[in-house]
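Protein chains get the first letters and strands the later ones, always in sequence-line order, with residue 1 at the start of each. All of these numbers come straight from a predicted model, not from anything done at the bench.
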There are 2 protein chains.
Amino acid sequence: MASPPRRMTLKDLAQHLGVSTASVSNAFNRPDQLSPKLREHILSEAQRLGYQGPDAKARSLRTGRSRIVAVILAESLTYSLNDAVASELLSGIAEVLDAQGHTLLLLSGRQTPAGVPGSASIADGFIVYGLMPSLRLIADLPPQRPLVAVDFDIEEHASVHVDNEPAAYAIARHAMGTRPRRPAVITLRLTEQPCNGRISPEHTLLPARRTITRARLDGYLRALAEHGFTREDVPMWNIEENTFDVCAPVIAEILDLPDEERPDLLLCLSDRIALTALTLAEARGLRVPEDLRLTGFDGIAEGQYRAPRLTTVRQDSVEKGRVAARMILGLAPPSSCLLNTELLIGETCP
Amino acid sequence: MASPPRRMTLKDLAQHLGVSTASVSNAFNRPDQLSPKLREHILSEAQRLGYQGPDAKARSLRTGRSRIVAVILAESLTYSLNDAVASELLSGIAEVLDAQGHTLLLLSGRQTPAGVPGSASIADGFIVYGLMPSLRLIADLPPQRPLVAVDFDIEEHASVHVDNEPAAYAIARHAMGTRPRRPAVITLRLTEQPCNGRISPEHTLLPARRTITRARLDGYLRALAEHGFTREDVPMWNIEENTFDVCAPVIAEILDLPDEERPDLLLCLSDRIALTALTLAEARGLRVPEDLRLTGFDGIAEGQYRAPRLTTVRQDSVEKGRVAARMILGLAPPSSCLLNTELLIGETCP
DNA sequence: CTGAAAGCGCTTACAG
DNA sequence: CTGAAAGCGCTTACAG
């Protein structure tokens, strides 16, 4: 096992070939700076001798650019990777980065108490997604590198949003087409204090600038108000994490209310919540939509590839990712971009 | 907007404070190399002056380590990010990397014809997942850095697997408990030539060392053989991509066969395939399991959080990721690790 | 415990 | 078109 003690460097290769390091570098990076013949010679010898091309670490130090874009997810990576909406966003980002020869570094805003790991500073730009993270996190990022916020705003930085309030208004208004007797709302991470269950007057709700879920709630309440339901008339439950396991107990509590108290319309802040409600309702023999109507938000595939199909708002999370990535790479000017959504009428709330 | 033209460097900070660059570096990296008092002074001044800590690019060049681990996915990133099994694997990897202060660089083996982008060489180690990629891709990775293969083998490198053949045998044997009249198998990316539909004798099947799906098929066929079904008795269909959209037409073709030809047992190579079959069967009014029994493979949440629950094999993809990450970081010795699976009996094949 | 110095592997003006 | 040289920002023996 007398394997070579270290990787071959550009300098080694140049010496081997009797050319300058500049020529080798140019052979890899700037074809116009040397004769095609020499370039061909250098590249084929590199291949033959096992030189893999300029080292990324050295190159990035020298040029100041790494061709790496970091995505900082407000939630844990475990949650985000298994969430359909976050996954779609990442797909959109990855699609654009790939096409431009860039790669994706995944970071969680929650991972270390120490904040974002130092290796984050290697990235050429940052996409920050999700709940408004602590400003400290943002301050710890290297300044003067492009940053795009998705689903929230950071002062003086670009952002990508969907029209949460109008979309929520539209779907709630659709649901009001058949007047519910007992409408209710299930929100997501909306209370200042953790609350996985019924929201009481003691709870403080986060403001719209902190979380998109508030904007959606405001849309629902606007439509409800137009039909004579005040906020006091409409019970609200809150979910702490957008997963089946965390949703299920809260929804069980709602569905297990006595018949005369059980809501007949559930406006859910996400498809995951609505799908959990649908599963649990089916398990209890409740008929959807006859006994219980349900609406979601997001338009994830799982809600559309089943019967009954979920009535929901489709947001194009893939496109959100593409837009953010284009701004980071400078393919589009930094801006505050608002994407439209689409109302999907399924069978859970016809 | 007379903002500082460039980021402050360690050297700048050292000059400001009248200490050597070594002391500043040690303040950040080796607390034992200087007095607590000086360290405290340096760190607080760094904070005050806006020095964010040593630059990751320079540090990684100097030390040769980046604290970045690359995951190379055989499929496209778009596919992988939206696939439950791949997402779980990534979760497990991310969990371990996070805990060790490392971060995750996502690469696709399919992204560029040019092969893995040069920035890959920044990673300290590589986890390669999925179908056996071209050996060229592996050869292009920097040698002498740790590499772990997941779900396939690379000579002289560590690997993580589940016991595909025995697990497939076990679930098929369970299904044989009630003798089917017309069993069939739906495979996944198993033919040398692309084939999204019925497999004919002309098709060449990939060998088990190239893809885990072959090992699963072998397990099914072994159990079927024990019950007197030869390979010729059992029709097989192949799916090219493990997504609803690609599965649906093939499954529709199967379910729309005349009653006397339609299989009454579908052994599916993945949960995604089985769930698609379940959805389409329900849409056609076929009763599961009375008219059609179904088994999956993977044990993804979506199959367990619905009624009827999928009968399937649960593989712990999160743990697969953890094991691979531990090997990469040197927390566990490189080895060939085989994880066990668990038979989950749901209602689709009681 | 501190400081001066070498060097990680590359890219890029610049002079020829 | 080619080559000699500076320097990206750091870490780390090493001498004091």
Side-chain angles (χ1 to χ4, degrees), chain A residues 4-42 46 49-67 118-124 142-145, chain B residues 4-42 46 49-67 118-124 142-145:
Chain A
R6 64 186 187 82
R7 226 182 138 191
M8 171 177 266
T9 68
L10 185 146
K11 198 173 160 193
D12 297 338
L13 180 62
Q15 284 178 342
H16 251 288
L17 302 183
V19 301
S20 74
T21 59
S23 294
V24 178
S25 176
N26 286 331
F28 281 95
N29 301 313
R30 304 202 290 184
D32 55 308
Q33 299 286 346
L34 75 178
S35 66
K37 198 177 149 215
L38 178 58
R39 174 161 193 257
E40 201 38 65
H41 176 60
I42 291 174
L49 297 168
Y51 178 67
Q52 314 258 11
D55 177 76
K57 296 197 252 303
R59 187 211 289 246
S60 69
L61 173 58
R62 180 57 232 233
T63 63
R65 312 209 331 113
S66 61
R67 303 188 148 256
S119 47
S121 71
I122 214 161
D124 293 340
Q144 285 157 303
R145 259 176 261 183
Chain B
R6 64 185 187 82
R7 227 182 137 196
M8 173 177 265
T9 68
L10 185 147
K11 197 174 161 190
D12 296 337
L13 180 61
Q15 284 178 344
H16 250 289
L17 302 183
V19 302
S20 74
T21 59
S23 294
V24 178
S25 176
N26 286 330
F28 281 95
N29 300 314
R30 304 202 291 183
D32 55 309
Q33 299 286 347
L34 74 179
S35 67
K37 196 175 150 216
L38 178 58
R39 176 162 191 256
E40 201 38 64
H41 176 60
I42 290 174
L49 297 169
Y51 178 66
Q52 314 258 13
D55 177 75
K57 295 195 256 296
R59 188 210 290 247
S60 69
L61 173 58
R62 180 58 231 231
T63 64
R65 314 211 327 112
S66 61
R67 302 188 150 257
S119 47
S121 71
I122 214 162
D124 293 340
Q144 285 157 303
R145 260 178 258 182

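Nearest nucleotide to the A:Thr21 side chain, out of D:dC10, D:dT12, D:dA5: D:dA5. Residue A:Arg59 has its side chain nearest to C:dT11 when only D:dG9, C:dT11, D:dT12 are considered. Considering only side-chain atoms of B:Arg30, the nucleotide from D:dT12, C:dT2, C:dT12 that sits closest is D:dT12. In the set C:dC1, D:dC1, C:dT2, the nucleotide with an atom closest to the side chain of A:Ser35 is D:dC1. For A:Gln33, whose side chain is taken as the heavy atoms from C-beta onward, the closest listed nucleotide among C:dG9, C:dC1, D:dT2 is D:dT2. The side chain of B:Val19 lies closest to C:dG3 when the candidates are D:dT11, C:dG3, D:dG9. The A:Leu10 side chain lies nearest to C:dC10 when the options are D:dC1, D:dG3, C:dC10.
Atom CG of B:Leu17 and atom C1' of C:dG3 are 15 Å apart (whole Å). A:Arg62 places its CZ atom 16 Å from the P atom of D:dC10, with the value rounded to the nearest Å. As rounded to whole Å, 12 Å separates atom P of D:dT12 from atom CG of B:Asp32. We find that CG of A:Asp55 is positioned 18 Å from P of C:dG7, with the value rounded to whole Å. As rounded to whole Å, 17 Å separates atom P of D:dG9 from atom CG of B:Asn29. As a whole-Å value, the separation of A:Lys57 NZ from D:dG9 C1' is 15 Å. D:dC8 atom P lies 16 Å from atom CE of B:Met8, rounded to whole Å. Across the protein-nucleic acid pair, A:Asp12 atom CG and C:dC8 atom C1' stand 13 Å apart, rounded to whole Å.
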(request) Any chance you could lay out the side chain to side chain contact (heavy atoms under 4.5 Å, CB included) test for A:Arg59 and A:Asn29, step after step, and finish with the verdict? (result) CA-CA 11 Å; A:Arg59 187 211 289 246; A:Asn29 301 313; 3.1 Å; yes
(request) Run the numbers on A:Ile42 and A:Leu34 for side chain to side chain contact (heavy atoms under 4.5 Å, CB included), then give the verdict. (result) CA-CA 11 Å; A:Ile42 291 174; A:Leu34 75 178; 4.0 Å; yes
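In terms of heavy atoms, B:Ser66 sits closest to A:Ser119 at O-CB, 3.7 Å.
Side chain of B:Arg39 to backbone of B:Ala27: a donor-acceptor contact under 3.5 angstrom is found. Using modelled atom types, one side-chain atom of B:Arg145 and one backbone atom of B:Ser121 make a donor-acceptor pair closer than 3.5 Å. No donor-acceptor pair closer than 3.5 Å links the side chain of A:Ser25 to the backbone N or O of A:Thr21.
Residue-level contact check: B:Phe28 touches neither bases nor backbone, having no heavy atom under 4.0 Å from any strand. Base contact: A:Leu61 has a heavy atom under 4.0 Å from a base atom.
Side-chain nitrogen and oxygen atoms of B:Ser20 include at least one within less than 4.0 Å of the OP1 or OP2 phosphate oxygen of C:dG3. Phosphate contact (OP1/OP2 of D:dG9, side-chain N/O of B:Tyr51, threshold under 4.0 Å): absent. Phosphate contact (OP1/OP2 of C:dG3, side-chain N/O of B:Ser23, threshold under 4.0 Å): present. Listed pair B:Ser25 / D:dT11 meets the phosphate criterion, a side-chain N or O lying under 4.0 Å from OP1 or OP2.
A:Asn26 contributes atom CG, which lies 8.0 Å from atom CG of A:Asp32 (distance to the nearest 0.5 angstrom).
Put simply, the side chain of B:Asp55 does not reach to within 4.5 Å of the side chain of B:Thr9, judged on heavy atoms.
Among the duplex regions that DNA chain D forms, those built from at least three successive Watson-Crick or G-U pairs under 3.5 Å are C:1-3 with D:14-16, C:5-12 with D:5-12, C:14-16 with D:1-3, ordered by first number.
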